[in-house]
2 protein chains.
Amino acid sequence: MTAQPHPERAGVPPSCAACPAFHNRLCYALTQAIAGEPSANEPHDHSALARRSIWREGERLDRVPVICQGWAATAIAMSDGRRQILSFLLPGEMVSAVLIHQPVSQCSVEAITDVRFRMFPRAAIKDALLRQPDLAATVTKLWTDEAARADRLAIDLGRRGAAERIASLILNLADRLQSRGMMQGQTMDFPLRQHHIADAAGLTVVHVGNVLAEFRRGGLIDINERSLTIRDASGLRRVADAD
Amino acid sequence: MTAQPHPERAGVPPSCAACPAFHNRLCYALTQAIAGEPSANEPHDHSALARRSIWREGERLDRVPVICQGWAATAIAMSDGRRQILSFLLPGEMVSAVLIHQPVSQCSVEAITDVRFRMFPRAAIKDALLRQPDLAATVTKLWTDEAARADRLAIDLGRRGAAERIASLILNLADRLQSRGMMQGQTMDFPLRQHHIADAAGLTVVHVGNVLAEFRRGGLIDINERSLTIRDASGLRRVADAD
DNA sequence: CGTGAGCTTGACTTGTTTCAACCAACGTGG
DNA sequence: CCACGTTGGTTGAAACAAGTCAAGCTCACG
């Protein structure tokens, strides 16, 4: 996680011991917001090892988690072992805004890298929402963004081919990392295994491997030792938006 | 729309001229809720002809629509003509709770049958949300249900085969119609064309036709003249949950 | 009567999965 | 230090699911 200091960091106090980079505005905002609430108690900081499940579908959560460090994923599993990853979670993202109002998680969350995350007491968040209009606006934004992401996922899975899906997954991650100051030029830390990509794109591992090899041969990307470089951004975009 | 009177209708005043059946609790609740708001103005009732688009992606909406009569669908279109239906809307459903907070629709909505719908002024709903806790609870429920539906769609499209998707689509519609008193035994009005099913399930029309023919040959369902009968519910469920 | 929308069927192509073998890197315990 | 199992990646061949193309049919509608 070679996070660079965020350009806006200057002059703003860091808030969360687990969040070395200031890109984690959300963690900051929530920590501040609940501090003054009558129902408040301290947020809890946790960590999880790579490849471990953080919690499972159907588990009850009385606290709402925000990722501070590392990558995680939300997924749904079927009883026969098939899995669908719904989203990759980067530092500064709430696992799901729905959890603010719904104590039972409908999808499991697992750590991709080692992960540190902060759990905010639900009751305090709900109280703060009633009193603090800008927190409410923040949460509304999270909600609409999640809905947009879900819709995009549906059209990806329903109507796009393997190469399109994988290319746009890569571009999407690159954008999100860029906005966090976590890209070094065209290169990013890329902890995803092929099976993560497969489960996110609704494909088999083998096929993902083939498509990535194709991208590599076509000079679109380079992948080595947990990092990915976009060699031909416009070519990759062309593959992604075969509209 | 041969809606039967809802069992709980007795004693409760109907609220919406466009909603002959009492199953439309949502329309009722919203009409009541905004009636007392300072910012309130009258909801608008509209109708649209079958197969017409009600509005398009990116259009601005200052009112939030609830379906009163008929079937509609929300969809995303790609510039090359590929489409993905995100949800079928039945009487009593809000097009999307996200619209309460986001004035620009990210998906288009189109009428499947002739449709009547009521548009509630956004400002009045937002005011009412602050003052009326049970309305807030209702909207929260809509939100979490929509999120759950979106997640289910993702796993359907990503990880299930054509027969599974179509069977569970049929069962899902049957459940929702049942809860509205719109099933006659195992038979339902079924205005969907094969191309609707195809766009919802991420398949081609031809393949949908083949799968449906297969279901018919297997004695699972009957379809004729805009109505569908489930002949072998447990068989259909077995196909749907090939978990 | 002609037209277009919707459904069915068949032959053929393409995309994706499945199965299998093999390799490299890594951590672990003897 | 080595032997070993595990995890992750690569490659190839064969099987299968779904898509494409095309034709013919019914039916409603103007």
Side-chain angles (χ1 to χ4, degrees), chain A residues 49-53 71 73 78 80-84 110-114 156-167 169 190-218 221-228 239 242, chain B residues 49-53 71 73 78 80-84 110-114 156-167 169 190-218 221-228 239 242:
Chain A
L49 292 177
R51 274 180 301 135
R52 283 293 203 313
S53 163
W71 293 36
M78 293 170 61
D80 63 357
R82 287 179 286 182
R83 285 164 29 96
Q84 177 65 47
E110 56 195 71
I112 292 173
T113 64
D114 289 351
D156 278 358
L157 295 176
R159 287 304 184 195
R160 304 172 104 120
E164 284 175 272
R165 295 184 215 174
I166 295 175
L169 172 59
F190 197 76
L192 300 186
R193 310 288 149 153
Q194 292 188 348
H195 78 261
H196 291 120
I197 302 179
D199 284 341
L203 300 165
T204 55
V205 185
V206 177
H207 197 44
V208 168
N210 289 332
V211 173
L212 287 178
E214 191 58 43
F215 284 179
R216 234 178 288 123
R217 274 192 293 273
I221 59 170
D222 264 5
I223 307 188
N224 34 36
E225 23 175 316
R226 308 285 84 89
S227 99
L228 185 153
V239 174
Chain B
L49 293 178
R51 274 179 301 138
R52 284 293 203 314
S53 163
W71 293 37
M78 292 170 61
D80 62 357
R82 289 180 285 183
R83 286 163 29 97
Q84 177 66 46
E110 56 195 71
I112 293 174
T113 65
D114 289 351
D156 278 359
L157 295 175
R159 287 304 186 195
R160 304 173 105 119
E164 283 175 273
R165 294 184 215 175
I166 295 175
L169 172 59
F190 197 76
L192 300 186
R193 308 285 149 156
Q194 293 189 347
H195 78 259
H196 291 119
I197 302 179
D199 284 341
L203 300 166
T204 55
V205 184
V206 177
H207 199 230
V208 168
N210 289 331
V211 172
L212 287 177
E214 191 59 42
F215 284 0
R216 237 179 285 123
R217 275 192 292 273
I221 60 170
D222 264 7
I223 307 188
N224 34 38
E225 23 173 314
R226 309 284 84 87
S227 99
L228 185 153
V239 174

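Below, read A as the first sequence line, B as the second, and so on, with proteins coming before strands; counting in each chain starts at 1. Bear in mind the structure is a predicted one, so any value in this text is a computation, not a measurement.
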(message) When you compare the side chain of A/Val211 with that of A/Ile197, does any pair of heavy atoms fall below 4.5 Å?
(response) no
(request) Between A/Arg160 and B/Gly209, just flag the one whose closest nucleotide in DNA chain C comes earlier from the 5' side. (result) B/Gly209
(message) In this structure, how many angstroms lie between the P atom of C/dG10 and the CD atom of B/Glu214, rounded?
(response) 12 Å
(request) Report the distance from atom NE2 of B/His195 to atom P of C/dG4, rounded to the nearest whole Å. (result) 17 Å
(request) Indicate the atoms forming the closest heavy-atom contact of B/Ala167 with B/Val239, along with that distance. (result) CB-CG1, 3.9 Å
(message) Which residue is it: A/Asp222, A/Ile223, A/Leu212? I am looking for the one with a side chain to side chain contact (heavy atoms under 4.5 Å, CB included) to A/Leu228.
(response) A/Ile223
(request) Measure from the side-chain N and O atoms of A/Arg52 to the backbone N and O of A/Ala111, and report whether any donor-acceptor pair falls under 3.5 Å. (result) no
(request) Please state how far atom CZ in A/Arg51 lies from atom C1' in D/dT6, giving the value in whole angstrom units. (result) 9 Å
(request) Between A/Gly158 and A/Val205, name the one whose nearest nucleotide on DNA chain D is closer to the 5' end. (result) A/Val205
(message) Quick check on D/dT7: is either OP1 or OP2 less than 4.0 Å from any side-chain nitrogen or oxygen of A/Gln194?
(response) no
(request) Give the nucleotide from the list D/dG8, C/dT9, C/dC7 with an atom nearest to the side chain of B/Arg217. (result) C/dT9
(request) Report yes if some heavy atom in the side chain of B/Leu203 is under 4.5 Å from a heavy atom in the side chain of B/Ile166; otherwise report no. (result) yes
(request) Give the nucleotide from the list C/dG6, C/dT16, D/dG19 with an atom nearest to the side chain of B/Leu203. (result) D/dG19
(request) Please determine, for the side chain of A/Val206, which listed nucleotide (D/dG8, C/dG10, D/dG12) has the closest atom? (result) D/dG12
(request) Specify the separation, in whole Å, of atom CD1 of B/Ile223 and atom C1' of C/dT8. (result) 13 Å
(request) Please report, rounded to the nearest Å, how far the P atom of C/dA5 is from the CZ atom of B/Arg226. (result) 15 Å
(request) Under 4.0 Å between any heavy atoms, over every strand shown, what does B/Arg165 touch: base, sugar-phosphate, or nothing? Just pick one. (result) nothing
(request) Starting from P on C/dA5, measure out to CD1 on B/Ile197 and report it in whole angstrom. (result) 19 Å
(message) I want to verify a distance call: between C/dG6, D/dG19, D/dT11, whose nearest atom is closest to the B/His207 side chain?
(response) D/dG19
(request) Name the closest nucleotide to the A/Asn210 side chain, picking from D/dG9, C/dT16, D/dT11. (result) D/dT11
(request) Report the distance from atom CZ of A/Arg193 to atom P of D/dT6, rounded to the nearest whole Å. (result) 17 Å
(message) What is the distance, to the nearest angstrom, from the CG atom on B/Leu212 to the P atom on C/dG6?
(response) 15 Å
